[in-house]
Every structure is written in structure tokens, then in C-alpha cells.
Number of protein chains: 2
Amino acid sequence: MTASDTGQSAAATLGVVGGGQLGRMLAEAAAPLGVEMVVLDPTPRCPASTVARDQVVAEFDDIDGVRELAERVDALTLEIELAGPDALRAAADAAGVPVHPDPGTLGLVRDKLVQKRRLREAGVPVPEFRRVDDEDDLRAALDELGTPAMLKARTGGYDGRGNVPVESRAAASEALATVGGPATVEEYVDFDRELSVMTVRSAAGVHTFDPAENVHREEILRESVVPARTTLEARERADTVARETLAALDGRGAFGVELFEVDDRILVNEVAPRPHNSGHWTIEGARVSQFEAHARAVLGWPLPTGATERRGSTATANLLGAVETERPVAPVVGGDAVAPEADGTTVDLRPALDSPASLHWYGKRRLRPLRKMGHVTATGDDPLATARRVRDELGFR
Amino acid sequence: MTASDTGQSAAATLGVVGGGQLGRMLAEAAAPLGVEMVVLDPTPRCPASTVARDQVVAEFDDIDGVRELAERVDALTLEIELAGPDALRAAADAAGVPVHPDPGTLGLVRDKLVQKRRLREAGVPVPEFRRVDDEDDLRAALDELGTPAMLKARTGGYDGRGNVPVESRAAASEALATVGGPATVEEYVDFDRELSVMTVRSAAGVHTFDPAENVHREEILRESVVPARTTLEARERADTVARETLAALDGRGAFGVELFEVDDRILVNEVAPRPHNSGHWTIEGARVSQFEAHARAVLGWPLPTGATERRGSTATANLLGAVETERPVAPVVGGDAVAPEADGTTVDLRPALDSPASLHWYGKRRLRPLRKMGHVTATGDDPLATARRVRDELGFR
């Protein structure tokens, strides 16, 4: 590579498959390091595109698009699991650039059955699970695991989509029809709380952030609070289990490890091979954010000792679309006359800007039911109360 | 304004005249708020352009260019005083958008004689100064002010360019020839230390960050440390003088107020109506950075109580081009084979990335003598020692 004849000299250029809010916050974190980003996303002017240098408009698994992306960057990564492992591997090889997370790991993690098998083989504690290809499989599994149980589509699930609770043996048929394809069924875990550990593998080794305690409702993450309101032992065990999880997965980058705390056990619920919604607290709450850590790890750059240290108590609340049907949204701040489209709505962000919380607005144009539109992060005394209050004032519930 | 038919819905769009590192850091700070930026700069792919949504390529005072910029944004601002006050006012009026700093204030501040007069009239303590149009003026002033004295070009000076010390009456002619135009001459202030206060006027009032202590060499800012290593009285007086300075200047936005501490007095050296090099510590060191504060103020958005509070001890060291002549530069990180251009050089950023300091690399393609290429910020114990050590390891001195 020769420095080209422009006004810019990037320290590196990072190619990212997916241009949603995770890509946007990755670009925000990468810029101070002199790292430019090019994102690939099918939606023109996706949320990440205005902060990134450029966007390739293509489907996430479009081979030509991913190849074009790879040719323009120094390293490839992703912010959405819909990225195609084969397209990523082929494009990275053709362009001679590294790709992280490892496409093999991505392929493995994308299939919830294969993911759980890998973790169980590695001795990582996971809920009991069974493969389900048909109704007979499911009924047999329910006999063993009992009801209720959780039926999950093996691939394509996101934010609880593709997950169906099975309350009784009689409900097996309907649940399977809802999931509509190859599935896995898991024992119902009556957890005390949900935790997650953002974990990063850099060239030098594995780094972990403090465990977050996560509050879900309707299977969507509502709030995260750090430190998690549990025992020191549970937090330490969560860290250990997250490290065991990483040991079972190849490749560099950030991994969000979702955990159940139940009695004195920590079980892995799911792993996301990328920055994770429950790690947004690290932007204000840690020395280096999950996004900066991910960028450094993917590029093979160092992550110094203490980088993942927590700065103080932190809590994050998601701003979710509180609507029945999809519609355009125009954020307004103050009294400016902004006319939404005919079927649209406006959102006044001023209560967040006028609060001690930090606003993160993702710039999405359409509001959808429970869509993540932004988040707020509070630090200091009782940050969860502050984050919740600000979120409620914005009218996103 | 109607939300346009794209994938994006910005909370606001900010137009910025100038696309250097200040614009880049402004874009980095604006993005989490959902604020998009368009910059105007004559250099294609200027440092701010990759983080901003778009760039208008035009000279800073190009009337058509500034008009185009104004038409695409919700508010206008600048990051370089070469912006033309008349072009800004006309473009803002034509587009019906606010512009801050106020063009009148910009015009006033750009002329060092007019700036000093305004401050003196307002009762703000400043060094003694005299208008200098010719050699007779200068000799008469030197008779009153004594030597040495500091001769300054009234307009166009930057980073000490246009400033010439006059050691004796006999040197008057040569000094005037060097400055080469209308000037002001100021008494020589044998200061104990240089301080600066980043000051922000929002719609609600004036906010100040903690005073920084600044270390200059060859009239270029090398390091800033906060808290300033002086008495509480001096820090409080610096805050008071900065607030008095703002009271003499109209318009919203950030103002860098450079000060001399001499005995028990605080004198204003210069005012910059924009984010300032000596305020970079606020990115890591304050709840809200000078850049976020500037964006909010220009847009008329609130700046909540406590926003400018210092989080801890912080120090910043600039990464300056340590070269004799201009040349291309390619930053490299680690062992990748990067071939600089024939007459170029490479810079290994790894010592900064491997340190506890935060790296800010501006992405400039050409190294020039003493050009600001980036900065590092350290927090915690003895941050100045850390920042200096990291800077020295990078080889920028």
C-alpha cells in the first residue's frame, strides 16, 4: 500500500459488514485513532454511513459487494451476524486482508445448536438442549427436559425473534410451526438474573470488561447496569465462564457473552461475535469502549493493561420504538418547526440533552415497534434510576 | 424541513467552515448526539471529511461555497478564523439559519488590535498595547512600553506566525518589515505561567471548564495540564477573567481564552472564538468535551449543570511534525509493509496504542515542521509525565 495522493492519511481502514448503530458507534470510536471505516449495508445512508468514510450498498452476504469492500480496506469485520461466513472468507483471502471474527467462528455461532454443542464440548456450562428437526424430536426432548422449555430457531434469530416458549407437550406442534425450521429446544432456566460479559481477544490475549446486569422485557434488552447487583463470587464466576467461552472460539475481536445466573451457577445463554447492546455502558464507563477494543483487536493493534477497567457505576437504557406499526420519525430539539411526513411522528430529544445522562441517537429514519432508536447512559450515584427517568421522559418505553 | 426519504434521520445537521482536526473532533463529538456535519475546506478529503457526512470543497471565504454549505444545514459554525465574517453572515441570512460564533465577534477577534481594544473597553485586564501603522508609531510605542516588546500582525497570525519580538529600538525597522503590515505592539509580559480557560456560551448562559496550564515552545502549544499547577486564587481569577471576556463578546459557542498569570494578576493574551488546542483535555477529562459543548451551544441545545466538570487530572501533549521540510507521511502500526512515497516518511503509532494514554491521530497526509499531527491525552497519576513519555516514544518532539 502506498499513501495515496489525497489530503488524508489514515492509520488504517476498517471494512465493516453491517451499517447499523453498532457500526456507527464503531466508526465514532475508530476516528480518534485515525482509523477510517467503509461499511457495507443494503440500506442507502444507513446509520453508520454518515460517520464512516463511505458505504458499499449491497446485501450483507453479497459476494461481489463484500469483495469490493475487502479491496478497499486493511481488515474486515462485521457488526451483524447476517454477514455470510463464506463470502467474508473468500473476499478476505482474495484481497489478502485479515477478517475477524473468524468466519469459522461466525458460522458456528450463527447456528444456535452448533454454538451450544461447541461450548458444551469445551466444558462451558450451558443449559440442557436438544436438536429438533421434527415434532417427534421436540416431544422426546420435552419428555426429558420438562416444560416449559424454550424452542429456538437454529439460525436467523435476533432480539428474541425465532424464540418460542413451549408451555406444554400439547403446544409442541404449534411452537414448531411458529419457528418454522430446524431448531433447538432448551431447558427452561428460572434464572435469578441475566448477566453479560463483553470479552475481547486481541493479538496479546483475552480481555474482559466488568459483567453487566441486564434487564429484558419481551426478550428485548431494556437496561444494563454495572456493576451487576449480585455477589462478588457471581461476578467472578461470570468472568471465568466468559473466558472459558472465548477459549472455545477462534479469532480476534469483541464477543458479547450472555449469561444466566441461577442459584450459584453461571450458564451461557448465547454468544454474539461482535460488540453487543449490553456493552454500550463501556463508552462512558470504561477506559476504552467495547467499540475501540473491537477495532484495535480486529486490526491486530495492542490493547494496553487496564484498557477495559471500569471508571465507575454506569447504567444504560435503550430508547425503543413505542409504536404499533412502522412509521417515519423526525427527531426535533426544541421549538423548531419540523413537519413529519404525513404518517410520521416527531420525537423531542431535549429531555435527554437537558439531563446528566449521555444521549446516543442512532439517526434511524423509521420507527418500528421495539426498534432500537438510541440509548442513554448515566454514571454516578444510582445511574439506573437516572437512565430510566431520562428514557421515560423521552416517551420511549 | 421535512424528513427526507433516506435511511437517516439526523437530530440536526451542522455546517462547519474549516475541516482540520478541530472539525474532525467536532464531528466525533456530534455523531453520538445524532448530529451530522458538512464541512467546507479547500483541501479535498480534509481531516474532518471522513467523519463528517460530506465536504464542500471551497476556500474558507468563498461566498458561493459558504452559501451552498448554509443551504444544507440547520446551523453554521467555523473551526478556523480564516472564515470570512461577511460571507458567513450573508450565507446564514440567505438560508435562514443561525451562525455562531457571531460574525461580528469573529470580525472583531480576527483583528488583534480591535480585539484588545474591545476587551480593554470592557474592563478586561490585558497587556498594554499600541496601534502600529508605521515605524514612527512603533518607535513611539517602544518609548512608552519599553523593550523587549511583542509586535503582532493585526490579522492572519496563527501559532505565533506574525508575532515578532522586538528586542531594542534599533530593531524596529526590521521587525516591522517581518510582520509586513498593520500591527499592534504589546508590552512584554514576563509571565509566571500561561493558562487558558475554555468558555462556552449556550442559550442558557456561560459555562467554563477548569483552567489549563499550557506549555509553549517556539510559540507552539506543546502540552496542557489540568488542574493548572498554581494557586486556587489564580485558578479562580482565571475563571473570572474568562467570564468577563465572554461578557464583552456576542454570540454562542466555545471560546478559548488564553491568559498570562503574572504575580497576582491574570491578563488576557488572546481569544479564539472556537474550540481550542488547549481544550483537547476535555475529551477524556470532562463530562462533556469542548467539542460537544460547542456543537450544543451553536445548535441552541441545552448544556446541563455539571457538563463542564472535570473528571480527574488530565494532560495532553501535541504530536508535532519534527521535520525540516514538508513531506508525505504514512502512519504505520506494527510490522505491516507500508511504502511511503519517494520523499516520504513513516510514523509508528504503536507506542501510543500500547500505552495508557489516549491517541488522537488527525489523519493528515503531509508532515510539516511543527504541524499538529495528533495529540495524546493521559489521565490519572502524573498525567503530564505519561503524556510526555508517550509523545517522546513516538518521535514527535
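Hydrogens, waters and symmetry mates play no part in the numbers below; they use all other heavy atoms, side chains included. First the proteins, then the strands, lettered A, B, ... as listed; each starts at 1.
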Check whether A/Ala30 gets within reach of chain B through its side chain, its backbone, both or neither, counting any heavy atom under 4.5 Å. neither
Mind checking the OG-CD spacing from B/Ser9 to B/Glu36? Nearest 0.5 Å is all I need. 8.5 Å
Could you list the residues that satisfy salt bridge (Lys or Arg N to Asp or Glu O under 4.0 Å) with B/Arg311, not counting sequence neighbours? none
Just give me the residue among A/Ala204, A/Ser355, A/Gly306 that pairs up with chain B most often, heavy atom to heavy atom, under 4.5 Å. A/Ser355
Sort out for me which of B/Glu284, B/Met37, B/Arg287 touches chain A most, counting heavy-atom pairs under 4.5 Å. B/Arg287
Selection from B/Leu359, B/Val51, B/Thr379 maximising heavy-atom pairs under 4.5 Å formed with chain A: B/Val51
Counting heavy-atom pairs under 4.5 Å to chain A, which of B/Pro304, B/Ala52, B/Pro32 comes out on top? B/Pro32
Can you see which heavy atom on B/Phe291 is nearest to which on B/Leu26, and at what distance? O-CD1, 3.2 Å
Heavy-atom distances under 4.5 Å only: say whether A/Ala27 touches chain B with side chain, backbone, both or neither. neither
For B/His280 and B/Thr377, does a side-chain donor sit closer than 3.5 Å to a side-chain acceptor? no
What's the shortest heavy-atom distance between B/Ala12 and B/Leu299, and which atoms? CB-CD2, 3.8 Å
